[in-house]
Protein chains: 2
Amino acid sequence: MDQTVRNIKELAALLNISPTTVSRVLNGKADDYRISPATTKKVLDAAREFNYHPNRIARGLRLEKTETIGLIVPDIANPFFAHVAKTIEFEARRNGYSIILCDSLDDIETESELLKLLAGRKVDGIILAPVGTGTGHISEFLKREIPSVVIDRYLPGLDIPSVSTDNYTGAYLATEHFIAAGHSRIACIQGINGISVNTDRVDGYRDALKNHNLTVDNSMIAGDDFGEKNGYDQTVRLLGSECRPTAILALSNLISLGVMRALSEAGLKIPDDMSLVSFDDQPYSAFLASPMTTVEQMKEEIAREAVQILLENINSGRSAGKVNKKIMPELIIRNSVKNMRKIPVRDHSSHL
Amino acid sequence: MDQTVRNIKELAALLNISPTTVSRVLNGKADDYRISPATTKKVLDAAREFNYHPNRIARGLRLEKTETIGLIVPDIANPFFAHVAKTIEFEARRNGYSIILCDSLDDIETESELLKLLAGRKVDGIILAPVGTGTGHISEFLKREIPSVVIDRYLPGLDIPSVSTDNYTGAYLATEHFIAAGHSRIACIQGINGISVNTDRVDGYRDALKNHNLTVDNSMIAGDDFGEKNGYDQTVRLLGSECRPTAILALSNLISLGVMRALSEAGLKIPDDMSLVSFDDQPYSAFLASPMTTVEQMKEEIAREAVQILLENINSGRSAGKVNKKIMPELIIRNSVKNMRKIPVRDHSSHL
DNA sequence: CTGTTAGCGCCTTCAT
DNA sequence: ATGAAGGCGCTAACAG
């Protein structure tokens with residue numbers, strides 16, 4: 001009764017039919033091959049009864065298709081990537097794919113290893129949230145012709161589609177929000193210099209200042225890392241500077257955590273003593289000492305787009321044209337920006 | 001020059017030796033088979049030159065070993081699971097394994113599907129953070145004899161090892177902290193009734209009250225879900241009750257988010273109007289309106305233990321004895337508990 | 001409507 | 001010190 005069926009051959013033997021027929025039925029090709037309803041039913045019933053599921057490894061070897069997608073992120077513990085990963089996994093599974101999760105530990109060497117590892121595992125495609133500043137290992141990897149999509153950033157010069165936030169607009173809106181509240185000494189604590197995410201955000205910040213006839217003071221653009229420590233260090237530095245800013249734009253959630261720590265240690269309150277807007281909304285943003293105004297990235301949408309583009313490329317056998325999709329972020333206004341004008345600040349998210 | 005080598009056969013042909021020899025060298029068995037140093041070097045050099053890596057799918061089929069571990073979590077966007085996943089991935093990779101990430105969406109049906117999916121994908125082992133209350137599908141799954149470890153909870157009655165926090169002690173310490181601060185009407189907002197995590201925490205809470213000669217009022221133990229909504233709903237209810245508590249123990253980070261939302265809407269401040277201790281420390285815990293006292297679970301340790309037990313079971317070919325490892329949490333004292341005695345509250349984490 | 005055969009790329013016997 | 005052959009479980013090509 002509770003016989004174990006290890007493979008398609010055994011199941012076929014039990015039913016006195018050929019493995020081929022079983023395979024065809026199980027792959028929904030009964031109609032294509034005009035297999036009799038009786039046989040079809042027999043196979044389906046037996047498969048259920050013996051709880052038989054085809055060995056996907058053997059299938060993968062035969063078809064040269066593993067129905068597996070590699071996902072490389074710099075830090076799965078970062079809520080942004082965790083959310084993106086959740087939707088990617090969901091969307092992939094909905095399409096029959098599983099996700100091999102790889103954490104590059106924000107290390108470019110590790111990322112390079114991971115790319116090779118995933119190639120060896122014969123994933124059908126890769127979604128990569130790149131790290132650091134070099135792209136040599138990525139262009140090397142692209143030679144393998146494994147369909148891939150970059151998320152979070154875009155990689156100028158490389159022939160690989162990407163899905164990222166419209167970071168320019170996000171920073172522009174945030175900066176405009178400060179300006180509307182009457183701030184003019186607005187600092188910007190940035191992440192890794194030279195990558196698209198950072199460059200675009202800084203550009204948005206600069207342009208917002210310029211377009212409102214404010215001068216861009218380069219000493220107000222500080223930092224070189226998306227981590228908490230950089231946020232802390234730069235805030236300490238800015239607080240000590242002769243011409244202290246009244247507002248800080250933090251280009252990542254971790255940076256803003258560092259800003260908060262530094263302010264807290266200095267006994268300064270948000271927004272009374274310092275205004276702050278952070279990139280990346282979080283579940284807790286609303287519950288901070290003062291609920292934080294944030295630039296929220298549309299994580300689900302980024303993930304969905306990435307999976308869709310990747311699957312298209314997989315199914316069409318490589319690159320359905322290079323796309324650089326930009327997803328519009330949303331400025332969520334809470335209470336971390338002080339109104340210097342003493343009149344109500346308006347929501348500017350609809351302007352631009 | 002830049003010839004592509006698709007498989008071991010091609011590489012062997014290029015070197016005028018047999019695939020067998022190449023395979024042996026590449027698997028570090030050159031010595032076992034006394035393959036000449038010259039041949040060994042030749043193979044190694046060629047492999048590097050042509051950037052050849054064995055097809056792990058074919059290898060998996062032959063060896064019946066995929067060097068792959070399935071990880072099922074209820075919600076990868078939950079920081080607790082994201083952190084655990086990070087360490088699991090790291091430890092697994094260090095040992096040559098990759099992680100197939102599956103999000104069960106806090107849904108037991110999905111979890112059941114996922115178990116089958118992973119079995120079909122021939123993972124060498126599974127780490128499962130179970131959902132809901134039923135275990136039928138899990139005991140069914142265990143018949144497949146795939147090495148598995150449960151994390152976050154333990155499953156009484158099932159023959160599967162587990163690694164979880166010592167939740168009893170965690171809740172006990174938190175409750176004692178309230179008591180030491182002079183609270184006696186302490187509410188407990190719980191998660192899913194009947195699962196070990198919840199039962200143990202509630203037991204710890206009850207016992208702490210009893211051991212300090214406080215009566216346990218069952219109307220103070222409320223709720224049935226680890227989500228934010230439950231935290232909100234129960235807090236609203238408690239605030240409306242005739243005998244309002246002065247303190248709330250929230251049995252999850254999401255519950256405490258709900259508690260904060262309800263308190264905030266009611267215009268109540270932590271800790272002045274209500275004291276709160278939450279399970280699960282978070283990066284932002286220290287930056288909340290009032291820095292939150294939390295019971296921190298040792299995520300890295302849980303993850304490391306789980307991987308270690310799993311790998312032992314994989315290598316020894318099944319269950320190296322059933323273990324239910326409990327990892328001691330840590331009470332992190334900040335400023336979310338009001339001192340009702342008007343004298344300094346001491347750190348009680350060293351008692352017990 | 002169904003079956004036979006061959007081969008995906010690898011590793012392991014068995015042979016030399 | 002090295003090879004040849006077979007087979008892991010599956011499915012597509014080629015019969016009928």
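Any value given below was found using the heavy atoms of this structure, including those in side chains, with hydrogens, waters and symmetry copies removed. To find a chain, count down the sequence lines: A is the first, B the second, and so on, and within it residues start at 1.
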query: Can you tell if the side chain of B:Ile17 reaches within under 4.5 Å of the side chain of B:Val43, non-hydrogen atoms only?
result: yes
message: Side chain of B:Pro54 only, heavy atoms from C-beta on: which candidate in C:dC10, C:dG9, D:dC8 is closest?
response: C:dC10
Atom-pair distance (CZ on A:Arg34; P on D:dG16), nearest Å: 18 Å
- prompt: Under 3.5 Å, is there a donor-acceptor pair between the side chain of B:Asp124 and the main chain of B:Thr66?
  reply: yes
query: Above 12 or not: heavy atoms from other molecules or residues under 6.0 Å from NZ of B:Lys122?
result: yes
field: Upstream residue (5' side of DNA chain D) when B:Thr21 and B:Ala58 are each assigned their closest nucleotide
entry: B:Thr21
query: Of the nucleotides D:dC10, D:dT2, C:dC11, which has the atom closest to the A:Tyr52 side chain?
result: D:dC10
query: Nearest to the side chain of B:Tyr33, which nucleotide is it out of D:dA1, D:dT2, D:dG3?
result: D:dT2
task: For A:Ile57, answer base if it contacts any base atom (sugar-phosphate contacts may also be present), sugar-phosphate if it contacts only those atoms, and nothing otherwise; contact means non-hydrogen atoms under 4.0 Å.
output: nothing
- prompt: Is B:Lys29 touching bases, backbone alone, or none of the nucleic acid, heavy atoms closer than 4.0 Å?
  reply: sugar-phosphate
- request: Counting heavy atoms from C-beta on, name the nucleotide in D:dC10, C:dG3, C:dT12 closest to the side chain of A:Asn55.
  value: D:dC10
- request: Assign B:Arg59 to base, sugar-phosphate, or nothing according to its heavy-atom contacts below 4.0 angstrom with the strands shown.
  value: sugar-phosphate
- prompt: With a 3.5 Å cut-off and no angle check, do the side chains of B:Arg121 and A:Ser98 form a donor-acceptor pair?
  reply: yes
query: Within the structure shown, what part of the strands sits under 4.0 Å from B:Leu61 by heavy-atom distance: base, sugar-phosphate, or nothing?
result: base
query: So which one's nearest nucleotide on DNA chain D is more toward 5', B:Thr39 or A:Leu63?
result: B:Thr39
task: Would you indicate what A:Arg24 reaches in the nucleic acid, counting non-hydrogen atoms under 4.0 angstrom: base, sugar-phosphate, or nothing?
output: base
